[in-house]
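Heads up, the thing below is written out as structure tokens.
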Amino acid sequence: MSWGWRITLASLDRLPQGALSRALGWLADRPIPPSLRPLVLGTFVRLTGIRMDEAARPTDSFGSVNELFVRRLAPGARSWPEDPTVLSSPVDGVVGFCGRVEDGTLLQAKGIAYTAEEILGEPGAGDRYEGGLFMTLYLSPRHYHRIHTPVPGQVVRARHVPGHLMPVNEPAVQTVDRLFATNERLIAELDSAAGRLAVVAVGATNVGRISAAFDPAWAGGRGGSVTNRASPLDPVRDYPEGVPVQAGAEIMAFHLGSTVVLLTEPGLDPSPALVPGREVLVGTPLARLSSLPQNRKPE
């Protein structure tokens with residue numbers, strides 16, 4: 001890692017990351033006059049490499065940088081498998097470390113590990129994912145930043161876990177110990193035909209907000225942030241009846257970019273697309289059910 005990144009990471013570790021991210025979020029929300037949108041937003045698009053040909057609206061129709069960042073895709077821009085036992089990518093991103101959960105452990109990078117219990121932020125929460133798959137998906141600033149359900153099912157539990165807001169780019173992933181398990185997180189656990197799975201949205205520097213589309217009331221209304229608030233919300237939400245989510249339904253959104261970690265119960269086999277460094281799109285098959293989890297009956 002370069003000395004520049006070493007100094008940057010060491011400095012960020014000592015700064016008020018939450019306040020800085022909230023300040024940047026405030027700036028990203030500032031309305032841009034229509035006459036300046038082509039210049040400001042057009043420059044942002046060029047610098048980040050965003051593909052506006054896939055967006056539902058033209059660049060100059062967005063009122064702020066954040067509106068552009070959480071843009072929706074045009075109808076038909078992504079497709080979804082019809083098989084409810086196929087687990088697909090919930091985001092556009094790049095595959096990071098992935099594999100089996102062994103002895104409760106997941107890999108962040110070569111020589112750096114963390115546990116399922118740590119990233120889920122609750123004692124014993126990782127037990128059911130032993131022997132299942134873990135998958136890491138990194139979203140750069142150019143990517144589409146809404147998070148969709150990997151399989152149709154029901155959201156049964158959600159948690160907000162406070163933490164740091166360190167970067168999640170490659171230099172940080174390669175050097176910051178237990179990065180994903182110490183950064184702020186918003187977690188949704190779903191029951192599906194492929195078993196229970198956890199969708200962990202990991203916050204990062206400048207990612208001051210993660211919203212929960214499956215429960216807008218949690219943050220006081222649609223688009224409201226659950227994470228990085230001056231006054232934290234209730235950290236745990238249980239849904240005894242389940243919140244139904246269809247295939248490809250939006251469940252969360254990053255307001256600026258970050259990483260998603262998926263955890264599954266045993267019984268799924270990885271697809272050929274699940275290769276570190278490979279670019280995937282929303283709906284790309286990542287795994288398929290090969291056998292039912294123990295003590296689980298077909299739905």
(message) Can a donor-acceptor pair be found, under 3.5 Å and without considering hydrogens, that links the side chain of S192 to the backbone of G153?
(response) no
(request) Report the distance from atom CG of L120 to atom CG of D127, rounding to the nearest 0.5 Å. (result) 10.0 Å
(request) Would you please classify the geometry between the H145 ring and the F254 ring as parallel, tilted or perpendicular, with 30° and 60° separating the classes? (result) perpendicular
(message) Any non-hydrogen side-chain atom of D60 less than 4.5 Å from a side-chain atom of L41?
(response) no
(request) Kindly check if the number of other-residue, nucleotide or ligand heavy atoms within 6.0 Å of CD (E279) is above 12? (result) yes
(request) Check W80 against P150 and note the closest heavy-atom contact, atom names and distance. (result) CZ2-O, 3.6 Å
(request) Check whether any side-chain N or O of T48 sits under 3.5 Å from a backbone N or O of F44 as a donor-acceptor pair, and report yes or no. (result) yes
(request) Mark yes or no for whether T264, through its side chain, and L133, through its backbone, hold a donor-acceptor pair below 3.5 Å. (result) yes
(request) Measure the shortest side-chain to side-chain distance between L263 and I119 over non-hydrogen atoms and say whether it is less than 4.5 angstrom. (result) yes
(request) Might you point out which heavy atoms bring G121 and V161 nearest each other, and give the distance in Å? (result) CA-CG2, 4.2 Å
(request) For A113 and R178, work out which heavy atoms get closest and say how close. (result) O-CG, 3.5 Å
(message) With clusters defined by side-chain heavy atoms of hydrophobic residues (ILVMFWY) lying less than 4.5 Å apart, directly or transitively, does F134 cluster with V173?
(response) yes
(request) For T227 and I210, indicate whether the former's side chain and the latter's backbone hold a donor-acceptor pair under 3.5 Å. (result) yes
(message) Is there a continuous path of hydrophobic side-chain contacts, each under 4.5 Å between heavy atoms, that joins Y144 to V65?
(response) no
(request) Check the pair L87, L268 against side-chain contact (heavy atoms from CB on, under 4.5 Å), reporting the backbone distance first and the verdict last. (result) CA-CA 9 Å; L87 186 151; L268 283 90; 4.0 Å; yes
(message) I'd like to know if the side chain of E130 reaches the main chain of G104, judged simply by a donor and an acceptor atom lying under 3.5 Å from each other, with no hydrogens or angles considered.
(response) yes
(request) Quick one: do D234 and R159 satisfy salt bridge (Lys or Arg N to Asp or Glu O under 4.0 Å)? Show the steps, please. (result) CA-CA 9 Å; D234 295 339; R159 283 186 299 284; over 6 Å; no
(message) Working note: Q154 + V243, criterion side-chain contact (heavy atoms from CB on, under 4.5 Å); need CA distance, chi angles, decisive distance, verdict.
(response) CA-CA 5 Å; Q154 295 182 321; V243 179; over 6 Å; no
(message) Check R146 with E250, please: is the shortest side-chain N to carboxylate O separation under 4.0 Å?
(response) yes
(message) If I take atom CD1 from residue I32 and atom CZ from residue R30, how far apart are they, to the nearest 0.5 angstrom?
(response) 11.0 Å
(request) Kindly work out whether a path of hydrophobic side-chain contacts (I/L/V/M/F/W/Y, heavy atoms less than 4.5 Å apart) joins Y114 to Y138. (result) yes
(message) Main chain of G131, side chain of E265: is a donor-acceptor contact present, judged purely on distance under 3.5 Å?
(response) no
(request) Check the angle between the aromatic planes of Y239 and F214 and answer parallel, tilted or perpendicular using the 30° and 60° thresholds. (result) perpendicular
(request) Of all the heavy-atom pairs spanning A212 and L186, show the shortest one and how long it is. (result) CB-CD2, 4.2 Å
(request) Check whether any side-chain N or O of R128 sits under 3.5 Å from a backbone N or O of L197 as a donor-acceptor pair, and report yes or no. (result) no
(request) Check for a donor-acceptor pair, side chain of R57 on one end and backbone N or O of S61 on the other, with a separation under 3.5 Å. (result) yes
(message) What I want to check is whether the side chains of E67 and H255 have a donor and an acceptor closer together than 3.5 Å.
(response) no
(message) Given E54, which partner from the list R142, R71, R78 fulfils the salt bridge (Lys or Arg N to Asp or Glu O under 4.0 Å) test?
(response) R78
(request) Group every Ile, Leu, Val, Met, Phe, Trp and Tyr by side-chain heavy-atom contacts under 4.5 Å, then state whether L233 and M252 land in the same group. (result) yes
(request) State plainly whether one hydrophobic cluster holds both L262 and V282, where clusters connect Ile, Leu, Val, Met, Phe, Trp and Tyr through side-chain heavy atoms under 4.5 angstrom apart. (result) no
(request) Could you tell me whether the side chain of R37 reaches within less than 4.5 Å of the side chain of F62, counting heavy atoms only? (result) no
(request) May I have all residue pairs that pass salt bridge (charged side-chain N to carboxylate O under 4.0 Å, His left out) and include part of residues 38-50, sequence neighbours excluded? (result) none
(request) Search all heavy atoms of P285 against all heavy atoms of A273 and return the closest pair with its distance. (result) O-CB, 3.7 Å
(request) Supply the atom-to-atom distance W26 CH2 to S64 OG, rounded to the nearest 0.5 angstrom. (result) 12.0 Å
(request) Starting from the C-alpha separation in whole Å, work towards a yes-or-no answer on side-chain contact (heavy atoms from CB on, under 4.5 Å) for N183 and V168. (result) CA-CA 9 Å; N183 268 14; V168 293; 3.7 Å; yes
(message) Once rounded to the nearest 0.5 Å, what's the spacing between atom OG1 of T136 and atom CG of L107?
(response) 9.0 Å
(message) Looking at R51 and D92, is there a salt bridge between them, counting it only when a charged N and a carboxylate O are closer than 4.0 Å?
(response) no
(message) D29: which residues meet the salt bridge (charged side-chain N to carboxylate O under 4.0 Å, His left out) condition with it, sequence neighbours left out?
(response) R209
(request) Please report the shortest heavy-atom distance between R185 and F180, naming the atom on each side. (result) CD-O, 3.0 Å
(message) Please determine whether side-chain contact (heavy atoms from CB on, under 4.5 Å) holds for the pair L274 and V95, giving the CA-CA distance in whole Å, both sets of side-chain angles, and the decisive distance to 0.1 Å.
(response) CA-CA 7 Å; L274 200 61; V95 178; 4.2 Å; yes
(request) Would you please say whether a donor-acceptor pair under 3.5 Å links the side chains of D83 and T85? (result) yes
(request) Using a strict cut-off of less than 4.0 Å between a Lys/Arg side-chain nitrogen and an Asp/Glu carboxylate oxygen, indicate whether R157 and E122 qualify as a salt bridge. (result) yes
(request) Among R196, E189, E117, R100, find the one that has a side-chain hydrogen bond (donor to acceptor under 3.5 Å, both in side chains) with Y129. (result) E189
(message) If you define the side chain from C-beta out and look only at heavy atoms, does anything of P276 sit under 4.5 Å from C98?
(response) yes
(request) Report yes or no: does T149 contribute a side-chain atom to a donor-acceptor pair with the main-chain N or O of G248 at less than 3.5 Å? (result) no
(message) Do P90 and V260 make a side-chain contact, defined as non-hydrogen atoms from C-beta onward lying under 4.5 Å apart?
(response) yes
